[in-house]
Peer 1: 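One structure, as structure tokens, below. Some questions next.
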Protein chains: 2
Amino acid sequence: MSQDKPNTRGRPPSKAARSKALKAAVEILMDLGFGRLTIDAVAARSGVGKPTIYRNWANASELAMAALMESQPTEPVQATGALSERLEHQVMSIVTAFATTRGRQIGLALAAADRDSEMTRAFRNRVILSGREIGRATISQAVKAGEIAAPRDTEVVLDMIYAPIFYRLLVGHLPLDRDFAAALVAQGLALLGAGDQRG
Amino acid sequence: MSQDKPNTRGRPPSKAARSKALKAAVEILMDLGFGRLTIDAVAARSGVGKPTIYRNWANASELAMAALMESQPTEPVQATGALSERLEHQVMSIVTAFATTRGRQIGLALAAADRDSEMTRAFRNRVILSGREIGRATISQAVKAGEIAAPRDTEVVLDMIYAPIFYRLLVGHLPLDRDFAAALVAQGLALLGAGDQRG
DNA sequence: TTTTATTTACGTTACGTTTCGTAATTAAAT
DNA sequence: ATTTAATTACGAAACGTAACGTAAATAAAA
């Protein structure tokens, strides 16, 4: 099978147009919220035509996810030291990030996303599950360092630590704040057999 | 088969909405021309929603035809007297009517219309062929009165009298004016054997 | 008779695509 | 090397429909 050359004939796609659309999408998400993120609104604010927007993203939902990934702040520095310090720092970072306007729009975007979409999977991995993976790595390191015994079911422990963050984000029944993060970590450490009782 | 009662349940269609859309369509045709008669433009000017417009007319073309029929001025009084007087008066009326903004939009609307549409047939009959039918009746009356012998082919004679009006309307290569109307009638009368030569 | 439920039309907004004229590229012709 | 042709993307405007909340009617229930 001959090796196909990339299609370079004709007018090249405009990176500027794509950037303008993403920027407008971020602005609308921050200023007006996920519900007002529509293709018409992005086209109006950015000056990018709707055909061009549809050439880059399948629908408004995928554009929202792309915009939110694009606007992600730099990854926070990992804490060093004991497991409790590292875990608390990491969970505190996630809680702080989600307690922002961007965090709330992330929750809405994910809730509204098409489950089967590859974009949704990428978005979920990048924005939601990446924190959980850091948690897994942190636990593994603590086991190797002999700080704790290997948990019986790491997946469940990770869910019990990270799911409540997302839960409060979406439901909003109780505050998603530093107190909640501290309590969550304390309970998580207890689960891991690294709680205060063990001194 | 049981006799079905008209559907009177629910919110009745609004005659006011329909009238407002037609009025806006007439205004756009007169002010901006047939090419600018779009569903979006009519909706914007009239305040009638697009779903409501589409509930009344299939597309912009049909709306244009409906608007032009609606705005037709009252039928002119038929002339009495000799064939030449009656025919000249009628053709002069048609030429005068077509030489207006409305006349020009009629021509464009018909040219752009879907040939298979019942609306197009109704429009053609009402606005174009009705003049031709009056011509046919005028010729019939002249034959009965002994003013002329029965033409060999009435259809061709009618086409030769009325087609040039429509032709000048659409093509615009020469003026559609009273001189043209007079010349057309003179030639037509000659065809009918009722020309000046016969005194 | 009055109130509530049901049905159908309304306008707004958004959706996603099509058409059109123009722009930006590469390929072919000169 | 330059010019012309062909290809592909661009934005504006229009298309025609769907979803939604509201309005205006009639039918049913109380």
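In what follows, every chain begins at residue 1, and chains take the letters A, B, ... in the order their sequences are listed. It should be emphasised that the depicted structure is a prediction, and the values quoted were computed from it without experimental measurement.
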Peer 1: Could you pull out the protein-nucleic contacts involving nucleotides 11-14 of chain C (nitrogen or oxygen on both sides, under 3.5 Å)?
Peer 2:
residue: dG11(C); atom: OP2; partner: G49(B); partner atom: N; Å: 3.2
residue: dG11(C); atom: OP2; partner: T52(B); partner atom: OG1; Å: 2.4

Peer 1: Between T138(A) and Q90(A), does a side-chain hydrogen bond (donor to acceptor under 3.5 Å, both in side chains) hold up when you go through it step by step?
Peer 2: CA-CA 9 Å; T138(A) 301; Q90(A) 198 239 344; 5.1 Å; no
Peer 1: Among dG16(C), dT17(D), dT25(C), find the nucleotide with the atom closest to the side chain of P12(A).
Peer 2: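 Looking only at heavy atoms from C-beta outward on P12(A), the closest nucleotide is dT25(C).
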Peer 1: Answer yes or no: is there an ion pair linking E70(B) with K23(B), defined by an N-O contact shorter than 4.0 Å?
Peer 2: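 No, E70(B) and K23(B) are not salt-bridged.
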Peer 1: Atom CZ of R9(B) to atom C1' of dA23(D): distance rounded to whole Å?
Peer 2: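 That distance rounds to 16 Å.
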Peer 1: Is atom CZ of R178(A) surrounded by more than 12 heavy atoms (other residues, nucleotides or ligands) closer than 6.0 Å?
Peer 2: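 Atom CZ in R178(A) is not crowded, with 12 or fewer foreign heavy atoms closer than 6.0 Å.
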Peer 1: Can you tell me how far P of dA9(D) sits from OH of Y54(A), to the nearest Å?
Peer 2: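 Result: 18 Å.
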Peer 1: Between R86(A) and T80(A), is there a side-chain donor-acceptor contact under 3.5 Å, judged purely by atom types and distance?
Peer 2: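 Short answer, no.
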Peer 1: Please report the distance, rounded to the nearest Å, between CG in N56(A) and P in dG16(C).
Peer 2: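 Taking CG of N56(A) and P of dG16(C), I get 15 Å after rounding.
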Peer 1: Round to the nearest Å and state the distance from R11(A) atom CZ to dG11(D) atom C1'.
Peer 2: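 R11(A) atom CZ is separated from dG11(D) atom C1' by 9 Å.
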Peer 1: Do we get R168(B) above F180(B)'s six-membered ring, with its NZ or CZ under 6.0 Å from the centre and within 45° of the axis?
Peer 2: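 Verdict for F180(B): a cation-pi partner in R168(B).
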Peer 1: Kindly state each residue pair satisfying ring-ring contact (aromatic ring centres under 6.0 Å, His included) with at least one member in residues 20-57 of chain B, sequence neighbours excluded.
Peer 2: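 Of all non-adjacent pairs touching residues 20-57 of chain B, none passes ring-ring contact (aromatic ring centres under 6.0 Å, His included).
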Peer 1: Please state how far atom CG in L37(B) lies from atom P in dC15(D), giving the value in whole angstrom units.
Peer 2: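 Checked: the CG to P distance equals 9 Å.
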